[in-house]
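Heads up: the structure comes next, in structure tokens.
For this chain, numbers begin at 1 and follow the sequence in order. Only a predicted model underlies this, so the values are computations on that prediction, with no experimental measurement involved.
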Amino acid sequence: MTAQDWQFSLESALAALPDEQGRRFTYPIRNGSMRIGVYAPKFEDDQAPHEQDELDIVASGSGWFVKNGERRPVKAQDAIFVEAHAFHRFEDFSEDFVTWVIFWGPKGGE
């Protein structure tokens, strides 16, 4: 990693997002099995289960999070743990919805 690779701001991550209407994400930092980035879905979140454990930290906005059939409200500054292979998605989220996303560990989770 270079010196500038170990830190990034939400603003710079948002600027690096693809200009698409659907699922938008970027991972500016990767090291070993870990990747950290920003996810800003538009209209619908059509995620599939992931191979690794995941931590989401809502940066802005609000909505609902569904994991394995359970639905809970989420808002800025909430943290959400999603174990590997869990069915999950955000629903009915605000237009300004953005979450930090961190994946780590072996396939199958810890």
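Within the structure, the salt bridge (charged side-chain N to carboxylate O under 4.0 Å, His left out) test picks out the following pairs touching residues 59-70 (sequence neighbours left out): K67-E83, E70-R72.
A distance-only check finds a donor-acceptor pair linking the side chain of R24 to the backbone of A40 [under 3.5 Å].
Considering all non-hydrogen atoms of both residues, V58 and G61 come closest at CG1-O, 4.0 Å. Shortest non-hydrogen contact noted between V82 and H88 is CG1-ND1, 3.5 Å. Considering all non-hydrogen atoms of both residues, A84 and G109 come closest at CB-N, 3.5 Å. L10 and A59 get closest at one heavy-atom pair: CD2-CB, 3.8 Å.
Here the CZ atom belonging to R30 is positioned 6.0 Å from the CZ atom belonging to R35, to the nearest 0.5 angstrom. Separation of atoms CZ (F93) and CZ (F43) is listed at 9.0 Å; rounding is to 0.5 Å. In this structure, I29 CD1 and F8 CZ are separated by 5.0 Å, a value rounded to the nearest 0.5 Å.
Dense packing is recorded around CD of E110, with more than 12 heavy atoms of other residues, nucleotides or ligands lying under 6.0 Å away.
Residues V66 and F87 form no side-chain contact, since every pair of their non-hydrogen atoms from C-beta on lies 4.5 Å or further apart. A heavy-atom distance below 4.5 Å is found between the side chains of Q52 and S33.
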List the atom pairs, donor and acceptor, that lie under 3.5 Å between side-chain atoms in residues 73-80 and the rest of the protein, sequence neighbours left out.
residue: K75; atom: NZ; partner: D78; partner atom: OD1; Å: 3.3
residue: D78; atom: OD2; partner: K75; partner atom: N; Å: 2.9

Throw together a table of side-chain donor-acceptor distances under 3.5 angstrom for residues 95-102, partners on residues two or more places apart or in other chains.
residue: D96; atom: OD1; partner: S94; partner atom: OG; Å: 2.6
residue: T99; atom: OG1; partner: I57; partner atom: N; Å: 3.3
residue: T99; atom: OG1; partner: I57; partner atom: O; Å: 3.1

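Ring-plane geometry between H50 and F103 is classed as perpendicular, the angle between the planes exceeding 60 degrees on a 0 to 90 degree scale with a lower cut at 30.
Residues D56 and Y39 have side chains that never bring a donor and an acceptor to within less than 3.5 angstrom of each other.
Here Y27 pairs with F25 under the ring pair (Phe, Tyr, Trp, His ring centres under 6.0 Å) rule; sequence neighbours left out. Residues that satisfy the side-chain contact (heavy atoms from CB on, under 4.5 Å) test with E51, not counting sequence neighbours, are H85, K107. Applying the side-chain hydrogen bond (donor to acceptor under 3.5 Å, both in side chains) criterion to S12, with sequence neighbours excluded, gives S9.
Using a 4.5 Å cut-off between side-chain heavy atoms of Ile, Leu, Val, Met, Phe, Trp and Tyr, with links allowed through other members, F81 and M34 fall into the same hydrophobic cluster.
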